[in-house]
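Down below is the structure, laid out as structure tokens.
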Amino acid sequence: MAHDMAAWPHGVGRRVLAEVDSTNAEAARIAPNLTGPEWILALRQTAARGRRGRAWTNPQGNFAATLVMRPTESPDQVALRSFVASLALYDAFVAATGRAEGFTLKWPNDVLLNGGKLAGILLESAGSAAGLSYFAIGIGVNLAQAPSPDQVEPQALRPVSLLSETGAEVTPEEFLDLLAPAYARYEAQFTTYGFAPIRTAWLDRAAKLGEVITARTARDEFTGTFETVDEAGNLVLTTAKSRHAIPAAEVFF
Ligand SMILES: O=C(O)CCCC[C@@H]1SC[C@@H]2NC(=O)N[C@@H]21
């Protein structure tokens, strides 16, 4: 790995499990007894989950971890953590490879390398609109192996691995030691200054900004120009007829 290793963040727990069903499921189990934020890394997951109820393929050597925390703010602020985590992933990849070239962020929360999907984030929480009891940021990275294209949905981006695209050999533990300090830096920025600087940094690294993309929501499909991400984290798309601020969708290029 080509990097200067930042120190592990103060007050943040680190557990490494040889095997677990899902680090997000483990996060939910340990949440009631949390005394501070905690990273849970698993070397193997037997029931890893992806977004929208999909399974996540987790081959040997890939990174699977969850950061679990107790929030102090509202659920909509918690949802913005997917942008915080995406930026931390981006920095960890730059630190691990010594280059920024080729890494981009796909709304709402994937990291791409050379246009293929390198990492995904699954944000889960429990509680009510009045207050969440915990939230968990689950992160899967194809460090060593990408699932074969037939294991993902037909229109999904081609999965890629860090190893095959860059030649960088990074273990899950090494990657966690890059990601946790990067996350802590962006988390401090978010809690101190709010979403504005996170949004700007995210937009600087965005894939397909200003280009035509398709967003599929539970009810509709919009094809239009990806204008920006607004102050609430919505995807802003303009079509010939109108401007749409979309809170949740699957995006296709
Ligand atoms: O669908 C996606 O893009 C999100 C994938 C998230 C996978 C990670 S692996 C670690 C954590 N534990 C899980 O069960 N899922 C997330």
Side-chain angles (χ1 to χ4, degrees), residues 13-31 37-69 78-79 81-90 92-93 103-113 115-126 134-162 170-176 178-180 183 207 215-216 218 235 248-253:
R14 183 185 194 275
R15 301 185 184 204
V16 179
L17 308 174
E19 182 178 301
V20 74
D21 50 356
S22 149
T23 53
N24 273 31
E26 179 69 6
R29 289 189 288 265
I30 72 164
E38 180 117 5
W39 279 98
I40 306 162
L41 174 75
L43 303 181
R44 199 172 112 81
Q45 291 184 111
T46 54
R49 45 202 202 217
R51 291 176 62 225
R52 301 179 173 268
R54 290 189 286 248
W56 177 256
T57 323
N58 192 196
Q60 180 75 23
N62 281 1
F63 179 82
T66 298
L67 174 62
V68 54
M69 290 198 263
V78 167
R81 290 313 200 298
S82 65
F83 296 95
V84 178
S86 299
L87 287 172
L89 274 169
Y90 183 97
F93 288 128
F103 295 103
T104 54
L105 304 180
K106 176 176 181 259
W107 187 92
N109 50 17
D110 289 337
V111 183
L112 311 185
L113 173 55
K117 178 160 169 169
L118 176 62
I121 298 171
L122 176 64
L123 192 67
E124 294 181 318
S125 59
Y134 80 93
F135 69 97
I137 308 170
I139 297 175
V141 180
N142 302 327
L143 286 180
Q145 298 179 58
S148 64
D150 59 343
Q151 286 176 286
V152 300
E153 290 184 341
Q155 285 174 295
L157 288 178
R158 151 188 86 102
V160 294
S161 76
L162 192 69
V170 185
T171 67
E173 288 96 331
E174 287 169 335
F175 192 72
L176 180 62
L178 296 174
L179 182 61
Y183 185 89
R216 191 175 297 155
L235 173 75
E250 193 81 353
V251 168
F252 300 94
F253 296 159

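All values below come from the heavy atoms of this structure, side chains included, with hydrogens, waters and symmetry mates left out. Atoms within a ligand are numbered from 1 in the order they appear, just like the ligands themselves.
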Trace of the side-chain contact (heavy atoms from CB on, under 4.5 Å) decision for Asn109 with Arg51:
CA-CA 10 Å; Asn109 50 17; Arg51 291 176 62 225; 3.6 Å; yes

Which N or O atoms of ligand 1 sit under 3.5 Å from a protein N or O, and how far apart is each pair?
residue: ligand 1; atom: 1 (O); partner: Arg51; partner atom: N; Å: 2.7
residue: ligand 1; atom: 3 (O); partner: Lys117; partner atom: NZ; Å: 2.5
residue: ligand 1; atom: 12 (N); partner: Thr23; partner atom: OG1; Å: 3.0
residue: ligand 1; atom: 12 (N); partner: Gln45; partner atom: OE1; Å: 3.0
residue: ligand 1; atom: 14 (O); partner: Ser22; partner atom: OG; Å: 2.7
residue: ligand 1; atom: 14 (O); partner: Arg49; partner atom: N; Å: 2.8
residue: ligand 1; atom: 15 (N); partner: Arg49; partner atom: O; Å: 2.7

To the nearest 0.5 Å, what is the distance between CZ (Arg49) and OG1 (Thr23)?
8.5 Å

Can you tell me how far apart CZ (Phe135) and OG (Ser82) are? Round to the nearest 0.5 Å.
10.5 Å

Asn58 side, atom CG; Gln45 side, atom CD - distance, nearest 0.5 Å
4.5 Å

Is the shortest side-chain N to carboxylate O distance from Glu153 to Arg216 below 4.0 Å?
no

Would you check if Phe63 and Leu179 make a side-chain contact, meaning some heavy-atom pair closer than 4.5 Å?
yes

